[in-house]
Amino acid sequence: MLLSEMKEGQAGVINRVGGNGALRRRVLEMGIIKGSEIYIEKYAPLKDPLELIVKGYHLSLRVEEAAQITVDDVK
Amino acid sequence: MSQKSLTIALAGNPNSGKTTIFNNITGTRQKVGNWPGVTVEKKEGIVSKYGYELKIIDLPGTYSLTPFSVEEIIARDFVLDECPDVVIDIIDASNLERSLYLATQLRETDCKVLFALNMADIARTRGIKIDAEKLSELLDLPIVFTIGNKNEGIDALLKKAIDLAESDVDTRGKRKVKYNKDIENSISKLRSFIEKDPGISLPYKTRWTIIKLLENDKIVKERVLQKAGDQGQNIIQEVQLHCELLADRFNDDPEIVMTDERYGFIAGIIKEVLTTITKQRVDISRNIDMVLTNRFIGFPIFIFFIWAMFQLTFSLGVYPMEWLDTSVSWFSISLDGLLPDSLLKDLLINGVIAGVGSVIVFLPNILILFFCIALFEDTGYMSRAAFLMDRIMHLIGLHGKSFIPMLMGFGCSVPAIMATRTLESEKDRVLTILITPFMSCSAKLPIYIVLTGIFFSAHAGTVIFCVYFAGIILAIVTGRLFRSTLLRGADAPFVMELPPYRVPMVKSLIIHMWDRSKMFLKKMGGVILIGSVVIWTLSAFPRNIQYSRDYVAEINSVSALYNTEITTANGLDMQHLEKKRNAAIAELEMARKSEKMERSYMGRIGKVLAPVFAPLGIDWRGSVALLTGFVAKEIVVSTMGILYLAGDDGSDTLKNALLSSDMTPLSALAMMVFVLLYLPCIATVATIKQETGSFKWTLFSITYSTSLAWVAAFCVYQGGKIIGFS
């Protein structure tokens, strides 16, 4: 499942971070790497960007950026 | 006794409390400037402690040392090139895992690193316990607990830093990330490849250079080529081979694999030193966000905050602004009385004081605005504002944070452009600076009010609204245009931390506010001073004008005429006659002023430019008025007053004068459109120069806005004529 398809309150484990260049590197450096547990905290009022919790802190990503990330074990 | 001096750099993630610790160490003895070539703030301070002179450098807050952002390049170059004696890595205890990523990278540079484990008290309330001894042992570096906002542990931190700087520990053997077998294999093969030729000199330490080359780091690649010449080319080729090998082996770029491995290394450490008590804890920050970024009330609250900031800046700011204004005019009047009439006096009063005075009055606005912005930033609300607005701003190709500067533009472009400092990406910053002047600033309002009041009295409000709206539309169009041409490339990725809310510290708010205001005063002062003198020269020269009428003689004869009548008249008649005399003299004075303006260099330039403005329906008087608007937009109205012989109080006389001139509602509208868009005032231009750090962009901004203004006004006037308006 894509990260961008997850709903508020869902949790999952990162499988793969796609995309390329600076963005991909940045996402990885912020701790969104294979195996990281994430929790979708909320979407912004205009449905973009989204806020998630990873490694104990809150991070926001645009939906188009989240669409490059696949997630397993969504519940 | 001369003290030994040590350089200590503070590194750390954004929001790790780095600036608070820096403020605590240096207090008010800090120097704020820019890093060379970029507009990222550089803060440093010198303190004497334990018999040493400590030079403390606050590096930009970064999450890593990969050179993707200006901040990261600055931080890395400083650590590598300036070789500080010690680097203190400030680590937010609540965010240990992510903070250690930067720490492992710092470690790889072989500098002497010391950890400040900051805000462990907050971490503890969140159920996080850190075994610092174990962490210190695993990473083999000293750790000091600090609580920045309570000023705890700072002395111990400095003491440890000095000890570390003076010790001769070998940092190379220290424990750091070991990559997997394949990567380590490549590293050692590359090492022997490089070491077998003793003539090769690398710009940095060997292992680090190899790691960076494997990570495809362009800056390191360039420097290796510079330093090692032809052999550098061989090294790069060899590295390329290994990269392809590794990419094949892992089915991914080596840089990605290495990022994974670093986090793997960190995960191992975390397992040993961190215990999280999984009790149901109350997370205040999350609760606040339930309200502030709420789907329904998030926006209304945001709008309220912005409204409040606006009110404070421009309504509360009016009072001190008036005091300053009064002081400036008092100063100018007393100087007028003290000095004998001379060219110098004219220069001082009408050039220097009038010019610099017109800018200094913005100081209260700027102080208040920066206080509000510091409040937004220090509490953590700024990132929420960006979170809310990003969707909308993304349409223009900008980051959510660009909203605040653009909005401030409605008040005054000077603080608005200074507010772009909150943007991280250079491109975003330039783009925001280019479109902010289209947000019609408050100084342009008097011009609209006068013109609409005269020509569109019934629909004044609607017309003004349309002018403002046109500015917004053109800003959006410009934004999209430049994003797809000049400043191409995606806007900065919105991978942004939403830090926990914090109670701001008054001390850092004030330091923040004062630093930026000081910069404004210093830099503005110089440019404004020169600009004002130039404008004054243009309007004050030539001195010996051959007037078409002998005003002095006329004034004398008129007053003589009335005076003889006054002496013979009595009571009411006398008062009546005195009034008439004064009015007649004022009229002549006005005519003289107007002719003087017309014949000054400024007036001549206006007449030369008149053909340019003719297609817009603006005559030479309008042209001169627009030219003087370069000093400050408010002046446009008073110049029109002088040139249309109306007195400069902008009252009914100007209305009659304008109505009887060639100006029509259509040309008035064209003029308003021109005013909306054309070159910003001198203070704004100076700010653009300061904030972009580039003459090219400043010149571009001036040219673009003025050309756009001309084209838009042309369309309005000629288009309107074709449709049949007049």
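Excluded from the calculations below are hydrogen atoms, water molecules and symmetry mates; all remaining heavy atoms, backbone and side chain alike, are included. Numbered from 1 within each chain, the chains take letters A, B, ... in sequence-line order.
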### Query
Do you know the tightest heavy-atom contact between R262(B) and R25(A)?
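Of all heavy-atom pairs spanning R262(B) and R25(A), the closest is NH1-NH2, 4.4 Å.
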#### Entry: Minimum heavy-atom distance Y263(B)-E29(A), with the two atoms named
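Minimum heavy-atom separation between Y263(B) and E29(A): OH-O, 2.7 Å.
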Heavy-atom distance under 4.5 Å between the side chains of [X] and [Y], does that happen here?
| X | Y | value |
| --- | --- | --- |
| K42(A) | D289(B) | yes |
| L28(A) | I256(B) | yes |
| R286(B) | E41(A) | yes |

### Message
Once salt bridge (charged side-chain N to carboxylate O under 4.0 Å, His left out) is applied, do any residues pair with R480(B), and if so which ones, sequence neighbours excluded?
### Response
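If we apply the salt bridge (charged side-chain N to carboxylate O under 4.0 Å, His left out) test to R480(B), skipping adjacent residues, there are no hits.
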### Query
Quick one: salt bridge (charged side-chain N to carboxylate O under 4.0 Å, His left out) partners of D121(B), sequence neighbours excluded?
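With sequence neighbours excluded, D121(B) shows a salt bridge (charged side-chain N to carboxylate O under 4.0 Å, His left out) to K150(B), given in chain and number order.
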### Approximate separation, where rounding is to 0.5 Å, of S285(B) OG and Y57(A) OH
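Here the rounded value is 14.5 Å.
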### Message
Can you tell me how far apart CD (E72(B)) and CZ (R26(A)) are? Round to the nearest 0.5 Å.
### Response
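Answer rounded to 0.5 Å: 4.5 Å.
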### Query
Are D260(B) and K34(A) within salt-bridge range, i.e. N to O under 4.0 Å?
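No, D260(B) and K34(A) are not salt-bridged.
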### Message
With a 4.0 Å cut-off on N to O distance, would you call R24(A) and E255(B) a salt bridge?
### Response
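Looking at E255(B) together with R24(A), the answer is no, because their closest N to O distance does not fall below 4.0 Å.
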### Task
Give every residue pair that meets the salt bridge (charged side-chain N to carboxylate O under 4.0 Å, His left out) criterion with at least one member in residues 96-106 of chain B, sequence neighbours excluded.
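For residues 96-106 of chain B, and leaving out neighbouring residues, the salt bridge (charged side-chain N to carboxylate O under 4.0 Å, His left out) pairs sorted by first residue read K55(A)-E97(B), R98(B)-E497(B).
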Other residues, nucleotides, ligands: >12 heavy atoms within 6.0 Å of [X] [atom1]:
| X | atom1 | answer |
| --- | --- | --- |
| E8(A) | CD | yes |
| R391(B) | CZ | no |
| M290(B) | CE | no |

With a 4.5 angstrom heavy-atom cut-off, which part of [X] approaches chain A: side chain, backbone, both or neither?
| X | value |
| --- | --- |
| F387(B) | both |
| T293(B) | both |
| M258(B) | neither |

### Message
Sub-4.5 Å heavy-atom contacts with chain B: which residues of residues 43-52 of chain A show up?
### Response
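Hits under 4.5 Å: Y43(A), A44(A), P45(A), L46(A), K47(A), D48(A), P49(A), L50(A), E51(A).
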### Task
Could you have a look at L102(B), D252(B), N13(B) and say which one has the most heavy-atom pairs with chain A under 4.5 angstrom?
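Among L102(B), D252(B), N13(B), the one with the most close pairs to chain A is D252(B).
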